[in-house]
Structure formats: C-alpha cells, structure tokens
Amino acid sequence: MLSALATGLRTPDVRRRILFTLSLLALFRLGATLPSPGVDYAAVRDCIGAASGGSAGGIYQLISLVSGGALLQLSVFAIGVGPYITASIITQLLTVVIPRFEALRREGESGQARIAQYTRYLAIALAVLQASTVVALAARGLLLRGCRTHVLADSSLPGMMSIVLVMTAGAALVMWFGELISERGIGNGMSLLIFAGIAAQLPSQGRAILDARGGIVFAGACVAVFLTMVAVIFVEQGQRRIPVQYAKRMVGRRMYGGSSTYLPLKVNQAGVIPVVSASSVLYVPGLIAKSFQGSSHPPEWQKLIQEYLSNPDSPLYVAAYFALILFFAYFYVAITFDPHERAEEMKKFGGFLPGYRPGPATADHLSHVLSRITLPGSIYLGCVAVLPKLVPLGAAGAARGLAFGGTSVLILVTVGLDTLKQLESRVMTKNYTGFLR
C-alpha cells in the first residue's frame, strides 16, 4: 500500500488526483464542524455530551454513522450523504418496478446520466424534508434523548427556515463533493465521505472506551477491531473464478480469440452498500417517532418504535438490522449483475463456459453460482454488523459507538481496499515499469 501511494505521489496526474481528493475531504470535515447560523453551539455541545455520556439509542448511532456526528451539531453539512443514499436506493427500486427507469438503465451512459439527474432531484427533496424534521426536533428539545435544552438561538419561523435552507444547501454541496471525487479524484466519492466521517470519530470514541473501562478493556477492543479487520480483508478478497473460453475467429487476415480467462465473482459482491442502506432505513422509524413526540404520555406506536426499532439492545432491532442487510445484499447484486446480459455479452464476443452452451444455459449457471456465493456473503455482512452490538464496550453501553463497531470497521476496510485498488490501477496505467522487469 505504501509503495503504491509513494509511486502515485511521484506521478503528476495521480498526485493531482490524490491532493484533490484530500482537499475536498478536508472541506467536508470543515463544514461538518461549522455550526449553522442561528444555532447555540454551546448548548449543542452540552447536549452531545449528555447523549454520549448516557445511552443515546440506535438513532444516535445511525446519525453518527451517516453524518460523522455532524447532524447532532446542527452544522452546515449536518444532513451529509444520507439523502443521496436514500435517493439512490429509491431510484434503484424504481428500475425494477417502473419500465421507464428500466429502459433508461439499458440505454447505457445517456440513460445512466438521466437516472443520476433524477437521483439528485430526489436527494434535494429528501434533504429539505430531513432538515425540516431535524430543525423542528431541535426547536422542541427532542433531538437527543434526555436533553431538552433549546439549542436554537432563534426559534421563529424565519430563523428555522434559514437553518433548513443552509442545511439543504450543505447537503447539495456534499453531493457535489462526492461526484467531484468520483470524477476527478481517487475512489468512490460518497463512500470516501462516509469514511472520513467515521475516521474522525475514532479518537473521541477510543478515549470514551479508555475512560469508561480502563486500559485493559481498551486494549481488548483494539485487538477485537484488528481481528475483525483481518477477517473482513480475507472475505473481501475472496472470489469465485469462473473459467471462460473464447473461440478463435478471423477478422480480416488476423486470427483473434482462442484465449482462456475467468470471470471473477466476489463473495461480497454488494460491498458495503447493504449495511449503509439498512442503517438508513432503520434511521427513519426513530426519526418519525421523535417528530411526533411532544406529550408526557406518547401513543403506543411511539413507545413500540422507541423500544424495539430505535434501541440497539432490542432483539427485534438486531433481527430487523440483520434481515435488512440480507435483503439489500441480494437486491444490490440483482441490480448490478445481470446473468442474462453477461451471458449475451460473452456469446456476442465468442466466449463460453466450458461444459455449458452459450445463452440461457450460461445465464442459468451464472445465476446459480451467484445465488450460492451471495448467501454466505450477506450472512458475513450481517454478522460483522450485528455481533458487536451484542457486546457492550463501555459502561452502560456508553462507548458502544459505531466507530469501534463492526459496521464502521467494515466500511473503513471496504472503502480503503476499493480506493487502494483504484490507486494501483491509476498508477499502473501511468507507469509500466513493472511489466519491463
């Protein structure tokens, strides 16, 4: 990794991409700590300290995961990448349900550009909705459990609308940052923004574990995180290689084909998307329950949501989280990898799987293999994300933050490996000395 980074820094084009990515990540973290106008920052810090010291519940952890803790500070980038992730999930669902979106997906680059534009519009609408809900909760002192301090210096309608406008503009800017990183930088922009938010919480949450349980428990947590990282890297690198044979064919006076290669199918074909998607979906019920909370005797449905769907200690919460991860793993694999399209592509270029006829037989075999490797991959994702929730790391679960949990370790390792592979690919295209030795 260090050799690839050193080689990339010596290559002018790759160095510009690395510095461009780092500069946008620095701007993102600056906006995540910059308070919105009209927010009492001292009161916000007191509320965060109270929530971190107690049990803030699953909604606190999910907010910290998606926004890097920025939402609880009511900062300019408080909404973060959450609306874009939710909008992406919705548009991917629409490609299965609505034929128009399915036709756009099959149109290639132009259709993907149209879908991306629809995703941006939907993300802005969701950002307005989420910002309005968060500001309303903050004005009523319900943003964090156990903290009813008024964190807004101006609770009038114009003041609250200005905060909503600033947060929506910040969400649009974050979405633009992610697209710029994907286009002109290194790695996937949205994933790197989540990576930066989680990495920024590691020192504070490590300090919380150290203060709550002492050095022995902290050392044990570090060892557990290291072993989890090793297991994640081992599984993420695992793949099923399906042999592919290409027949010989004449093009003009030249003979092409006749080569053997393989089609790599990763054990975790969906990556970290199912975990982030499941976290975003579980975030919604708790936010809805909080938005309707106002009396000392809340309705029964609010009690059920807060007790079972917003509490990570609840067995129903853990089961729902695990089931959502399995669902989104299969769903994302079905969206991104179409065995019939891949079989038609191989047939078009004279490729076939040894022992299987080109066309439907090849597609059926690819579907069978993909379904078999997706099951252990999705179970692996669910286990990594759920098991740390069952083992408290701090007093009363105070330090069971996601920065030291399996979800964050999974995101950090997966995004890091993907970024490293893209960096090595960029270096390889610019430097061919490895082939000449």
Side-chain angles (χ1 to χ4, degrees), residues 62 65-66 81-98 101-102 104-106 111-112 115-116 118-119 122-123 126 175 178-179 182 187-195 232 235-240 242 263-284 320-343 363 366-386 406-419 421-422:
L62 294 176
L65 172 69
V66 178
V81 300
Y84 185 83
I85 294 174
T86 307
S88 300
I89 295 172
I90 294 175
T91 52
Q92 288 176 357
L93 285 171
L94 291 179
T95 56
V96 180
V97 177
I98 301 179
F101 280 83
E102 176 67 18
L104 287 176
R105 188 178 69 87
R106 295 180 180 275
Q112 294 294 336
I115 294 178
Y118 294 151
T119 304
L122 183 58
L126 293 175
M175 182 170 57
E179 293 182 353
S182 300
N188 182 276
M190 294 300 171
S191 300
L192 282 176
L193 293 178
I194 300 176
F195 179 96
V232 169
V235 178
E236 290 295 328
Q237 297 295 95
Q239 56 182 222
R240 169 73 180 273
I242 300 179
L263 178 64
L265 297 179
K266 295 180 61 178
V267 175
N268 181 22
Q269 191 81 7
V272 75
I273 298 298
V275 178
V276 179
S277 302
S279 301
S280 301
V281 171
L282 277 181
Y283 163 70
V284 175
Y321 193 37
F322 189 85
L324 284 174
I325 291 176
L326 295 183
F327 168 75
F328 281 112
Y330 275 94
F331 172 75
Y332 190 76
V333 169
I335 291 295
T336 57
F337 188 92
D338 190 350
H340 295 279
E341 289 186 2
R342 194 60 57 91
L366 292 178
S367 299
H368 176 68
V369 174
L370 192 63
S371 62
R372 291 186 64 183
I373 65 174
T374 302
L375 179 60
S378 59
I379 294 176
Y380 140 79
L381 285 177
C383 291
V384 171
V386 166
T407 303
S408 290
V409 173
L410 179 64
I411 293 175
L412 292 175
V413 173
T414 304
V415 175
L417 288 175
D418 180 67
T419 306
K421 289 179 181 179
Q422 292 196 26

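As a basis for the values below, the full set of heavy atoms in this structure was taken, side chains included, without hydrogen atoms, waters or symmetry mates. Everything numeric in this text was worked out from a predicted model, so none of it was measured.
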*Which heavy-atom pair separates Ser191 from Val415 by the least distance, and what is that distance?*
CB-CG2, 3.7 Å
*Please report the shortest heavy-atom distance between Ile89 and Phe328, naming the atom on each side.*
CG2-CE2, 3.8 Å
*Evaluate the side-chain proximity of Tyr118 to Leu104: yes if any heavy-atom separation is below 4.5 Å, no if none is.*
yes
*Considering all heavy atoms of both residues, which atom of Ile325 and which atom of Ala385 are nearest to each other, and what is their separation?*
CD1-CB, 3.6 Å
*Please check if the side chain of Thr119 supplies one atom and the backbone of Ala87 the other of a donor-acceptor pair under 3.5 Å.*
no
*Calculate, to the nearest 0.5 Å, the distance between atoms OG1 and CZ belonging to Thr374 and Arg372 respectively.*
11.5 Å
_side-chain contact (heavy atoms from CB on, under 4.5 Å) for Val235 and Val384? Distances and angles first, verdict last._
CA-CA 11 Å; Val235 178; Val384 171; over 6 Å; no
*Could you tell me whether the side chain of Leu263 reaches within less than 4.5 Å of the side chain of Leu366, counting heavy atoms only?*
yes
*Does a side-chain heavy-atom distance below 4.5 Å link Leu126 with Tyr84?*
no
*So do the side chains of Thr95 and Thr91 get within less than 4.5 Å of each other, counting heavy atoms only?*
no
*Rounded to the nearest 0.5 Å, what separation is found between the CZ atom of Phe195 and the CG atom of Asp418?*
11.5 Å
*asked:* Any heavy-atom pair between the side chains of Phe331 and Ile273 that's under 4.5 Å?
replied: no
*In Å, rounded to the nearest 0.5 Å, how long is the span from OG1 of Thr86 to CD1 of Ile90?*
6.5 Å
*asked:* Please evaluate residues Asn268 and Tyr380 with respect to the criterion side-chain contact (heavy atoms from CB on, under 4.5 Å), reporting the C-alpha separation (whole Å), side-chain torsions for both, the decisive distance (0.1 Å), and the verdict.
replied: CA-CA 8 Å; Asn268 181 22; Tyr380 140 79; 3.9 Å; yes
*Which pair of non-hydrogen atoms, one from Ala278 and one from Leu324, has the smallest distance, and what is that distance?*
CB-CB, 3.7 Å
*To the nearest 0.5 Å, how far apart are OG in Ser378 and CZ in Phe322?*
7.0 Å
*CG/Leu381 to CG/Leu326 distance, rounded to the nearest 0.5 angstrom?*
8.5 Å
*Taking all atoms of both residues into account, what is the closest heavy-atom pair of Lys266 and Lys421, and its distance?*
NZ-NZ, 4.5 Å
*Interatomic spacing from CG in Leu370 to CG in Leu265 - rounded to 0.5 Å*: 6.0 Å
_Side chain to side chain, Thr414 and Glu236, heavy atoms closer than 4.5 Å_ = yes
*So which heavy atom on Gly187 is nearest to which on Gln422, and how close?*
N-OE1, 3.2 Å
